[in-house]
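Per chain, numbering begins at 1; letters A, B, ... match sequence-line order. Both backbone and side-chain heavy atoms feed into the values below; hydrogens, waters and symmetry mates do not.
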Amino acid sequence: MPELPEVETIAQGLAKRITGDVVQSVWLGEKPEPLKSPAGEIVATLEHSRIAGVRRMGKHIVFDLEQGRVRSARGALWIVHLGMSGRLQICEPQEDVAKHTHAIIKLESGRELRFVDPRRFGRLSVAPANFDAGGFEPLDVELKDFVALFRGRKTPIKSALLNQKLLRGVGNIYADESLFRAGIRPRRRASTITHEGLHKLFLSVKEVLREAIALGGSSISDYVDADGEEGFFQLQHRVYGREGEPCLVCKTPVKRVVLGGRSSHYCPKCQK
DNA sequence: ATACCGACCTGTCAGC
DNA sequence: TGCTGACAGGTCGGTA
């Protein structure tokens with residue numbers, strides 16, 4: 001479900017509400033599929049830890065933990081990837097447990113943090129405090145590094161944008177929207193884009209992500225943030241999900257093609 | 001290196 | 001009403 005702006009919105013919401021709280025106990029569902037680390041390790045790392053902060057890394061939600069009685073400064077990380085359909089919700093204990101709830105974290109404040117994920121593509125793991133997911137943060141990357149990412153790559157530019165080892169956090173919606181604003185077709189080989197084109201793309205990616213974060217992300221079907229609030233960036237989509245509808249610039253019908261198994265939307269006239 | 005495909009899962013919606 | 005197929009914000013591993 002969520003890309004960078006949605007994950008950022010969720011992480012900010014969680015940070016506001018549970019920073020400083022302490023994990024009392026952890027319940028994990030019996031099926032271990034969603035776990036990337038052994039269940040025992042996740043439980044041992046989380047229990048009695050203080051949540052010192054919540055932040056986003058690419059599409060991961062990262063909880064900074066101060067561990068155990070000693071609350072060592074070194075700490076550890078609890079990392080949640082929401083996959084396509086994952087949600088993290090803060091609940092009162094008496095609230096009904098939703099179908100497909102795979103983890104419940106009881107907090108000393110009395111609230112619970114619940115991980116719900118119908119499609120089970122989400123992943124839970126723990127990692128040392130120095131963990132790094134690799135790739136550049138799109139909002140922080142500098143122009144020269146951005147340009148270097150694509151130089152000499154024959155892969156379609158959209159595939160490169162979706163490659164989390166290069167840039168982390170850009171997904172299907174924001175790749176399409178960024179390419180539209182930069183006037184570049186999704187199938188265009190990365191290596192054939194001029195420096196000027198890459199500069200435009202560099203600006204477009206940042207602009208799209210910043211606007212989307214400001215609007216709380218895109219709510220398609222069921223996305224809501226940690227407070228249960230919907231985002232509004234879906235109202236700003238210019239090509240994503242608009243197959244056959246007129247381009248907002250030139251009225252040409254928006255095209256949809258499949259690229260690497262993903263729907264890709266573009267204006268055949270505005271994007272070259 | 002690259003590109004395409006299916007796999008992983010469940011839910012929803014359009015069409016018949 | 002019910003069935004079927006397409007499709008969904010993500011990633012991984014196999015194959016040529």
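For A:Glu137, the side-chain hydrogen bond (donor to acceptor under 3.5 Å, both in side chains) partners at least two apart in sequence or on another chain are A:Arg56, A:Arg168. Among residues two or more places apart in sequence or in another chain, the side chain to side chain contact (heavy atoms under 4.5 Å, CB included) test is passed with A:Phe136 by A:Val141, A:Asp145, A:Leu149, A:Leu167. Legend: residues meeting side-chain hydrogen bond (donor to acceptor under 3.5 Å, both in side chains) with A:Arg55, ordered by chain and number and at least two apart, are A:Asp64.
A:Glu196 CD: 12 or fewer foreign heavy atoms inside a 6.0 Å radius. Within 6.0 Å of the CG atom in A:Asp96, the count of heavy atoms belonging to other residues, nucleotides or ligands does not exceed 12.
You'll find the side chain of A:Glu6 reaches within 4.5 Å of the side chain of A:Ser218, heavy atoms only.
Of the P atoms belonging to B:dC9 and C:dG2, the separation is 28 Å, rounded to the nearest Å.
The phosphate of B:dG11 has OP1 or OP2 within less than 4.0 Å of a side-chain N or O from A:His100. Contact between the side-chain N/O atoms of A:His81 and the OP1/OP2 oxygens of C:dG10 is not found at any separation under 4.0 Å. Using a 4.0 Å cut-off, some side-chain N or O of A:Thr155 falls inside it from OP1 or OP2 of B:dA3.
Atom C1' of nucleotide B:dG11 and atom NZ of A:Lys99 are separated by 9 Å, given to the nearest angstrom. In this entry the distance linking CG of A:Asp117 with C1' of B:dG11 reads 12 Å, nearest Å. Between A:Leu162 atom CG and B:dA3 atom P the separation is 13 Å, expressed in whole Å. In this structure, the OH atom of A:Tyr240 is 6 Å from the P atom of C:dA8, given to the nearest Å. Rounded to whole Å, the distance from CG on A:Leu161 to P on C:dT11 is 13 Å. Atom-to-atom, CG of A:Leu167 to P of C:dG10 comes out at 14 Å; the value is rounded to the nearest Å. Separating the CZ atom of A:Arg256 from the P atom of C:dC7 is a distance of 5 Å, rounded to the nearest angstrom. We find that CG of A:Asn172 is positioned 9 Å from C1' of C:dG10, with the value rounded to whole Å.
The side chain of A:Lys59 lies closest to C:dT11 when the candidates are C:dT11, B:dG11, C:dA8. Of the candidate nucleotides B:dA3, B:dT10, B:dT2, B:dT2 has the atom nearest to the side chain of A:Arg153. When distances are taken from the side chain of A:Gln164 to each of C:dG10, C:dT11, C:dC7, the shortest belongs to C:dT11.
A:Arg189 and A:Ser191 form no side-chain donor-acceptor contact under 3.5 Å, judged by distance and modelled atom types alone.
Among the atoms of the strands shown, only primed sugar atoms or phosphate atoms (P, OP1, OP2) are found under 4.0 Å from some heavy atom of A:Arg189. Residue contacts shown for A:Lys165 are absent, as no nucleic acid heavy atom lies under 4.0 Å away.
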- Which nucleotides of DNA chain C pair, in dot-bracket form (Watson-Crick or G-U under 3.5 Å, | meaning another strand): .|||||||.|||||||
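The aromatic ring of A:Phe121 does not stack onto the base of C:dT11, failing the criterion of a centre distance under 5.5 Å from the six-membered base ring together with planes under 30° apart.
In this structure, A:Gln24 contributes its side chain and A:His48 its backbone to no donor-acceptor pair below 3.5 Å.
Listed in residue order, the members of residues 257-267 of chain A having a heavy atom less than 4.0 Å from DNA chain C are A:Arg262, A:Ser263.
Note: A:His199 and A:His195 have perpendicular aromatic rings, judged against thresholds of 30 and 60 degrees for the angle between ring planes.
For A:Arg120 and B:dC9, a side-chain-to-base donor-acceptor distance below 3.5 Å is absent, hydrogens and geometry of angles not being considered.
A:Val97 belongs to a hydrophobic cluster with A:Trp27, A:Ile104, counting contacts under 4.5 Å between side-chain heavy atoms of Ile, Leu, Val, Met, Phe, Trp and Tyr, direct or through other members.
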